[in-house]
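This report concerns only the one structure given below.
The shown structure was predicted, so the numbers you read here are calculated from the model rather than taken from an experiment. The analysis underlying the following values was restricted to heavy atoms, covering all of them including side chains, and did not include hydrogens, waters or symmetry mates.
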Amino acid sequence: MLDRATSAAVGKMVSAVITLLFAAIVAGMMFFHYQDEAEIRNLYTVPVPGYVQKCDAYANRVRSSNGVYSNRLYYVVTVGYEIDGKKFSTVLKESRPYNVGTAMTLMYNPETFAAVRLSETQQDSVLYMIGGAVVVFSVLSGVVSIVSFLRGCKRNENW
């Protein structure tokens, strides 16, 4: 059996390791998300005006954490655009409705003529600021726990 001081020191070290693993996981998720968005930005480079042709509403039945089911609305928006006299369209899943004829800027891939929303080709800096803050806080917490553990080991010579 471990005495109380040793048990507390081991607990600090375990929490430090878990905190640093959490920081590594969050940093990895941010990296892969950034890579996915970078790939989209590299493919879709040319802006083109688009116009809403159709907007249909659908309900998605979702279950909340307390077990209650509710319907969440989402909208399937068909947007038409024209490149070099040829007409194309793309289908977008949106969280709000659009009126037919509403203009929106799309970005298209010059090789395939496929288009995505302009917002999909831009970085959302808020996501990276929050993720970065979580990583920094987790790393600092882990370092403080390790320093606390090491100081406890120096004071307790028989550990």
Side-chain angles (χ1 to χ4, degrees), residues 10-149:
V10 170
K12 286 179 185 177
M13 184 53 91
V14 168
S15 69
V17 169
I18 290 172
T19 303
L20 291 174
L21 283 173
F22 175 75
I25 290 170
V26 170
M29 289 171 46
M30 287 174 48
F31 173 77
F32 287 117
H33 184 267
Y34 178 82
Q35 291 300 320
D36 288 346
E37 286 196 2
E39 187 176 306
I40 289 173
R41 283 190 309 279
N42 289 337
L43 294 176
Y44 299 91
T45 56
V46 182
V48 63
Y51 297 93
V52 174
Q53 296 174 333
K54 185 177 171 185
C55 182
D56 295 319
Y58 294 94
N60 189 14
R61 189 170 168 90
V62 293
R63 184 177 178 189
S64 65
S65 60
N66 63 0
V68 176
Y69 285 94
S70 64
N71 289 328
R72 291 225 175 114
L73 283 178
Y74 68 95
Y75 301 89
V76 175
V77 181
T78 304
V79 180
Y81 56 99
E82 189 174 318
I83 302 169
D84 296 331
K86 295 179 184 173
K87 295 186 187 261
F88 299 93
S89 66
T90 187
V91 177
L92 308 171
K93 185 175 177 182
E94 298 289 332
S95 59
R96 67 180 188 93
Y98 287 88
N99 292 325
V100 172
T102 301
M104 65 174 59
T105 302
L106 301 172
M107 297 294 281
Y108 79 92
N109 180 340
E111 294 178 15
T112 64
F113 300 108
V116 296
R117 289 285 308 263
L118 175 63
S119 61
E120 292 179 66
T121 63
Q122 297 174 341
Q123 283 290 3
D124 183 13
S125 60
V126 173
L127 173 70
Y128 294 103
M129 290 185 339
I130 292 171
V134 168
V135 169
V136 168
F137 177 76
S138 298
V139 168
L140 288 176
S141 298
V143 168
V144 167
S145 296
I146 289 172
V147 168
S148 174
F149 171 79

Using the test side-chain contact (heavy atoms from CB on, under 4.5 Å), find all partners of Asn109 that sit at least two apart in sequence or belong to another chain.
Leu43, Tyr44, Glu111, Thr112
Please name the pair of heavy atoms, one in Pro97 and one in Cys55, separated by the smallest distance, quoted to 0.1 Å.
CA-SG, 3.9 Å
For the residue pair Pro47 and Met107, what are the closest heavy atoms and their distance?
CA-SD, 3.6 Å
Heavy-atom nearest pair, Val46 first then Pro110, reads CG2-CG, 3.9 Å
Could you list all the salt bridge (Lys or Arg N to Asp or Glu O under 4.0 Å) pairs where at least one residue sits in residues 75-89, not counting sequence neighbours?
Glu82-Lys87
Only counting residues at least two apart or in another chain, list the ones meeting side-chain contact (heavy atoms from CB on, under 4.5 Å) with Val143.
Val139, Val147
Over all heavy atoms of both residues, which pair between Gly50 and Leu106 is shortest? Give the atoms and the distance, please.
CA-CD1, 4.3 Å
Using every non-hydrogen atom in the two residues, find where Tyr51 and Ala103 come nearest and quote the distance to one decimal.
CE2-CB, 3.6 Å
Per the salt bridge (Lys or Arg N to Asp or Glu O under 4.0 Å) rule, what does the pair list look like for residues 52-68, sequence neighbours excluded?
Lys54-Asp56
When rounded to the nearest 0.5 angstrom, what is the spacing between CD1 in Ile25 and CG in Leu20?
11.5 Å
Under the side-chain contact (heavy atoms from CB on, under 4.5 Å) test, residues paired with Val144 that sit two or more places apart:
none
Report, as yes or no, whether the 6.0 Å neighbourhood of atom CG on Asn99 holds more than 12 heavy atoms from other residues, nucleotides or ligands.
no
Let me have the donor-acceptor pairs involving side chains of residues 66-79, under 3.5 Å, with sequence neighbours excluded, atom names and distances please.
unit_1 : atom_1 : unit_2 : atom_2 : d
Asn66  : OD1    : Ser64  : OG     : 2.4
Asn66  : OD1    : Val68  : N      : 3.3

Got a sec, which pairs hit ring pair (Phe, Tyr, Trp, His ring centres under 6.0 Å) with one end in residues 95-115, sequence neighbours left out?
Phe88-Phe113
